[in-house]
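These numbers come from the heavy atoms of this one structure, side chains and all, not from hydrogens, waters or symmetry mates. Worth saying up front: this structure is predicted, and the values here are computed from it rather than measured.
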Amino acid sequence: MNSGLTKATVNLKKLISAFSYAGKDFFCSAVITAAGSSTRMNTDGSNISKQLLELDGKPVLSYSITAFNDSKYCKEIIVVVKASEKDEIQKLIAGMKLDIPVKVAVGAGTRAQSVKNGFLTVSDKCKYVAIHDGARPLITAQAIDRLYEAAFRHGAACAATKVSDSMKRADKSGFISATVDRDGLYAVQTPQVFMKDMYSASVAVMDKAREYTDDCAIVSDAGFRIKLVNIGCDNIKLTVKDDISLSEMLLKARKENK
């Protein structure tokens, strides 16, 4: 870590330690990514984003927007979209009954670049920013609030699920080469919540040649610690068409358990 970043890290850690649960009064933003190619979902050759597919009668993207709208802490939402779908998604948002403002930003060539475009759109008042995949429609306002609260205490927090399966490492031919101890292993998800200044400092020094698949990697590389928050295993990501059916089953179960 370079000396400039070391100094910034120390200063941010001092700032984090001064925060308490009073952080709930801070302005919190959310960046929802919806600019992916959806290649594995669109096996029929269509080019529609999975966030616009129908899930139990509503567009997939609407679920994440509603969850952040219903959060106790979130004050604004930025949705990052493909340029070709901007108008359609703006119409979708306009038709929703929302209590907080929703902005639309256009994505870029990579996930990290798309998130950066959304991040640059957040309000100047923002103190904490949540980054969430629009392809995870089953996130709840309650889980979002837990993540914001963990970030208030620790500076950064990430949705996760403790690994319960036996873990194996394979060689280049696909044969088992080792058994991996699953103790302390988590599958990470989104939302991932960061102090705005922490995320900004991390993006400024990230490795431009590396393809980051999540924002925790960017922030961890910059030397910051991130609190994992176990929110369970139903915050699934829609990747293939069967995930739609599974999500509808989980939504039905939620309704029946209310």
Checklist line | Verdict with reasoning, Val102 to Val79, per side chain to side chain contact (heavy atoms under 4.5 Å, CB included) | finding: CA-CA 7 Å; Val102 181; Val79 183; 3.8 Å; yes
Note to self: To check you understand the geometry: which heavy-atom pair defines the closest contact between Pro59 and Tyr63, and what is its length?
What the structure shows: O-CD1, 3.5 Å
Notebook entry, point to check: Can you tell if the side chain of Glu76 reaches within under 4.5 Å of the side chain of Lys103, non-hydrogen atoms only?
Noted result: yes
Notebook entry, point to check: Does Arg169 use its side chain to pair, donor to acceptor, with the backbone of Ser177 at less than 3.5 Å?
Noted result: no
Notebook entry, point to check: How close do Ala67 and Ala141 get, heavy atom to heavy atom, and via which atoms?
Noted result: O-CB, 3.4 Å
Next item on the list: Tell me, yes or no, whether the heavy-atom count around Lys208 atom NZ, taken from other residues, nucleotides or ligands under 6.0 Å, exceeds 12.
Entry: yes
Item checked: Rounded distance [0.5 Å steps], CZ in Arg146 versus CD1 in Ile231 -> 7.5 Å
Checklist line | Heavy-atom side-chain contact between Ile100 and Cys74 under 4.5 Å | finding: yes
Next item on the list: Is it possible for you to say whether Val188 and Leu147 belong to one hydrophobic cluster, with membership spreading through side-chain heavy-atom contacts below 4.5 Å?
Entry: no
Check: Considering only heavy atoms from C-beta outward, does the side chain of Lys196 approach that of Lys127 to under 4.5 Å?
Finding: no
Next item on the list: Taking all non-hydrogen atoms of both residues into account, name the closest pair between Cys158 and Gln189 and its distance.
Entry: SG-O, 3.7 Å
Item checked: Same apolar cluster: Phe27 and Leu120, side chain cutoff 4.5 Å -> no
Margin query: Is there a side-chain contact between Lys50 and Val60 in this structure, where contact means two heavy atoms from C-beta onward sitting under 4.5 Å apart?
Written below: no
Check: Where do Ala108 and Asn117 come nearest, in terms of heavy atoms and distance?
Finding: CB-ND2, 3.9 Å
Check: Can Met96 and Thr66 be said to form a side chain to side chain contact (heavy atoms under 4.5 Å, CB included), step by step?
Finding: CA-CA 9 Å; Met96 298 177 68; Thr66 298; 3.3 Å; yes
Check: Is any side-chain heavy atom of Ile89 less than 4.5 Å from a side-chain heavy atom of Leu52?
Finding: yes
Margin query: Quick check on side chain to side chain contact (heavy atoms under 4.5 Å, CB included): which of Ile78, Val115, Val193, Val31 does Val129 satisfy it with?
Written below: Val31
Notebook entry, point to check: Does the cation-pi check pass for Lys72 over Tyr148, that is, NZ or CZ under 6.0 Å from the six-membered ring centre and within 45° of its axis?
Noted result: no
Donor-acceptor pairs under 3.5 angstrom involving side-chain atoms of residues 247-254: please list them, not counting sequence neighbours.
residue, atom, partner, partner atom, Å
Ser247, OG, Asp243, O, 2.8
Glu248, OE2, Asp56, N, 3.0
Arg254, NH1, Leu138, O, 3.1
Arg254, NH2, Leu138, O, 2.6
Arg254, NH2, Asp234, OD2, 3.1

Note to self: Tell me whether Ile236 shares a hydrophobic cluster with Ile144, the cluster being built from Ile, Leu, Val, Met, Phe, Trp, Tyr side chains joined at under 4.5 Å.
What the structure shows: yes
Item checked: From CA spacing to verdict: side chain to side chain contact (heavy atoms under 4.5 Å, CB included), Asp207, Asp221 -> CA-CA 9 Å; Asp207 183 355; Asp221 277 2; 5.5 Å; no
Note to self: Contact between Ser166 and Arg182 at the side-chain level, heavy atoms closer than 4.5 Å - yes or no?
What the structure shows: yes
Check: Would you say Val106 and Lys86 make side-chain contact, with heavy atoms under 4.5 Å?
Finding: yes
Note to self: Is it the case that over 12 heavy atoms from other parts of the model lie below 6.0 angstrom from the NZ atom of Lys162?
What the structure shows: yes
Next item on the list: Taking the side chain as every heavy atom from C-beta outward, state whether Ile131 and Phe119 have any atom pair closer than 4.5 Å.
Entry: no
Notebook entry, point to check: Would you find a donor on one side and an acceptor on the other, under 3.5 Å apart, between the side chain of Thr161 and the backbone of Gly232?
Noted result: yes
Check: Counting N and O atoms only, with roles assigned by atom type, does the side chain of Asp99 sit under 3.5 Å from a partner on the main chain of Asn69, one being a donor and the other an acceptor?
Finding: no
Next item on the list: Please step through side chain to side chain contact (heavy atoms under 4.5 Å, CB included) for the pair Phe68 and Cys28, ending with a clear verdict.
Entry: CA-CA 10 Å; Phe68 277 98; Cys28 299; over 6 Å; no
Check: Closest heavy-atom contact between Val104 and Ile93?
Finding: CG2-CD1, 3.7 Å
Notebook entry, point to check: Would Tyr128 and Tyr73 count as a ring-ring contact (aromatic ring centres under 6.0 Å, His included) if you check the C-alpha gap in whole Å, the side-chain angles of each, and the deciding distance to 0.1 Å?
Noted result: CA-CA 10 Å; Tyr128 291 88; Tyr73 305 114; 9.6 Å; no
Next item on the list: Using salt bridge (charged side-chain N to carboxylate O under 4.0 Å, His left out) as the criterion, list what pairs up with Arg111, not counting sequence neighbours.
Entry: Asp133, Asp215
Next item on the list: Determine whether Leu92 and Leu98 fall in the same hydrophobic cluster, where Ile, Leu, Val, Met, Phe, Trp and Tyr are linked whenever their side-chain heavy atoms lie under 4.5 Å apart.
Entry: yes
Notebook entry, point to check: Going by atom types alone, do Glu85 and Ser49 pair a side-chain donor with an acceptor below 3.5 Å?
Noted result: yes
Check: Does Leu246 share a hydrophobic cluster with Leu238, counting links as ILVMFWY side-chain heavy atoms below 4.5 Å and allowing steps through other members?
Finding: yes
Check: What closest approach, in Å, do Val81 and Ala35 show between heavy atoms, and which atom pair accounts for it?
Finding: C-CB, 3.6 Å
